[in-house]
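A short worksheet on the structure shown next.
Lettering of chains follows the sequences in order, A, B, ..., and the numbering in each one begins at 1.
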Protein chains: 2
Amino acid sequence: MYIWVMDTRDKILDLGEELIRTRGYHAFSFKDISVPLGMKNAAVHYHFPSKSNLGLAIIDRTNDRFLSEIHQWSSLSKEKQLANFLKIYSRSYRQNKVCFMGALGPAYDTLPANMQEGLQKASHEIRSWLTGLLKDGLSEGVFEFTEKPGEKADLIISALLAGLIMGRVTGEPVVLSIIKNLKKQV
Amino acid sequence: MYIWVMDTRDKILDLGEELIRTRGYHAFSFKDISVPLGMKNAAVHYHFPSKSNLGLAIIDRTNDRFLSEIHQWSSLSKEKQLANFLKIYSRSYRQNKVCFMGALGPAYDTLPANMQEGLQKASHEIRSWLTGLLKDGLSEGVFEFTEKPGEKADLIISALLAGLIMGRVTGEPVVLSIIKNLKKQV
DNA sequence: ATATACATACTTACTCATAAGTAAGTACTA
DNA sequence: TAGTACTTACTTATGAGTAAGTATGTATAT
């Protein structure tokens with residue numbers, strides 16, 4: 001019984017995540033979730049009272065998954081960890097999704113406060129993790145770059161984030177060539 | 001009389017551009033234009049029959065302005081042209097705006113077809129101009145980088161585009177440090 | 001063992017707000 | 001008198017959200 005509950009809740013979160021990352025927060029409705037899942041709008045509201053509530057749950061779940069992923073990577077080499085990080089974006093490209101910051105950042109000021117907070121927190125996690133990785137890799141001598149680690153992290157995240165967006169507009173696999181070039185720049 | 005017409009039409013375009021670049025296409029309404037300009041929704045519809053019509057006009061006007069700007073730059077040195085290009089983004093940051101590709105790209109699939117087309121065209125103009133500039137600067141010896149010019153252009157545009165987005169989420173002037181670092185990388 | 005109570009996971013049937021868009025009329029100008 | 005630039009007064013659609021009811025399984029009391 002309990003498992004069944006979690007199952008439809010998770011299905012809503014899965015679909016909601018896809019919708020945010022392919023269409024954006026303001027361009028999807030409860031109907032876009034309820035109809036494909038064969039249920040009524042009110043059933044979605046049962047699990048998530050409000051849209052912002054759902055939005056925040058999606059952000060938090062993704063952030064939690066990221067945190068557990070990087071934790072699992074912690075014993076790997078810095079190069080391997082960076083390669084894994086880059087792989088997140090090539091996978092996103094194949095799934096025709098942009099990342100959360102790319103999807104929600106442009107309309108940040110229009111988001112409900114709880115989602116703004118969640119997104120800010122998630123962006124902080126990613127930036128500080130990558131900054132630490134680059135800093136450690138630099139002192140270990142496995143990475144080589146002249147920028148400050150924090151600025152290098154922003155440069156990398158930015159290029160990846162926007163590579164996904166540009167890929168959508170241009171129809172070209174922009175992020176893949178960006179990943180290729182970023183690897184040469186560390 | 002004709003001048004007066006163009007004036008309110010231009011006011012609508014100005015405000016519409018700001019709304020798209022601060023809130024996104026799906027998060028602004030005709031009311032957000034008519035009320036601040038002290039007119040009725042129907043007056044906006046008089047100038048632009050549909051929202052997508054307005055959206056396209058905004059994109060096209062910005063693209064036309066970009067084209068005329070780069071034309072004016074054409075006699076300047078490659079370094080100066082690149083510096084001018086980068087300045088567009090630091091100005092955007094100060095105005096708390098993201099660029100059009102950043103604002104509209106993530107929800108590209110939800111845009112009306114005419115706007116998709118206009119955005120694609122605009123992105124092509126920017127990418128091909130910057131690619132040409134980098135290519136010429138490279139053979140002139142004023143720029144120095146190892147990537148292919150087209151890929152370098154995507155790397156630069158991506159970093160700038162996402163720097164604006166990240167700045168909004170983090171509250172930090174991400175794009176300014178990105179500009180600083182990009183200058184060292186060409 | 002069986003009736004009763006209770007919680008979970010929904011559906012039905014709304015409300016209320018807002019959005020895009022339109023038709024018909026008006027004021028002003030050339 | 002004809003066109004421009006609007007306003008008034010709608011329509012229609014859609015979206016978030018809610019209140020009340022229903023089905024089903026689970027736990028408890030007798």
Could I get the full list of side chain to side chain donor-acceptor pair (under 3.5 Å) partners for A/Arg23, not counting sequence neighbours?
none

Parallel, tilted or perpendicular, judged at 30° and 60°: which one describes the rings of B/Phe85 and B/Phe66?
perpendicular

Looking at A/Ser50, does any N or O in its side chain come under 4.0 Å of the phosphate oxygens OP1/OP2 on D/dA16?
no

In this structure, CG of B/Leu161 is separated from OH of B/Tyr89 (nearest 0.5 Å) by 6.5 Å

Please lay out, stage by stage, how A/Lys152 and A/Leu138 fare under the test side chain to side chain contact (heavy atoms under 4.5 Å, CB included).
CA-CA 11 Å; A/Lys152 185 73 177 176; A/Leu138 190 63; over 6 Å; no

Among residues 104-111 of chain A, which ones have heavy-atom contacts with DNA chain C below 4.0 Å?
none

Minimum heavy-atom separation for A/Ala27 to B/Thr110, with atom names?
CB-CG2, 3.8 Å

For residues 132-148 of chain A, which residue pairs pass the side chain to side chain donor-acceptor pair (under 3.5 Å) check, not counting sequence neighbours?
A/Glu147-B/Gln185

Rounded to the nearest angstrom, tell me the gap between atom NZ in B/Lys51 and atom C1' in C/dA20.
9 Å

I'd like a list of close polar pairs between nucleotides 7-11 of chain D and the protein, N/O only, cut-off under 3.5 Å.
{"unit_1": "D/dT7", "atom_1": "OP2", "unit_2": "B/Lys40", "atom_2": "N", "d": "3.1"}

N/O donor-acceptor pair under 3.5 Å between B/Lys97 side chain and B/Glu17 backbone
no

Rounded to the nearest 0.5 angstrom, the CG-CG distance for A/Leu19 and A/Asp14 is 11.0 Å

Heavy atom of residues 12-31 of chain B under 4.0 Å from DNA chain C: which residues?
B/Phe28, B/Ser29, B/Phe30

Nearest heavy-atom approach of A/Arg168 to A/Arg21 is NH2-O, 3.1 Å

Between CG of B/Asp7 and C1' of D/dT4 the distance, given in whole Å, is 15 Å

Side-chain N or O of A/His47 less than 4.0 angstrom from OP1 or OP2 on C/dC10?
yes

Just jot down the side chain to side chain donor-acceptor pair (under 3.5 Å) partners of A/Asn41, sequence neighbours excluded, or say none.
A/Ser34

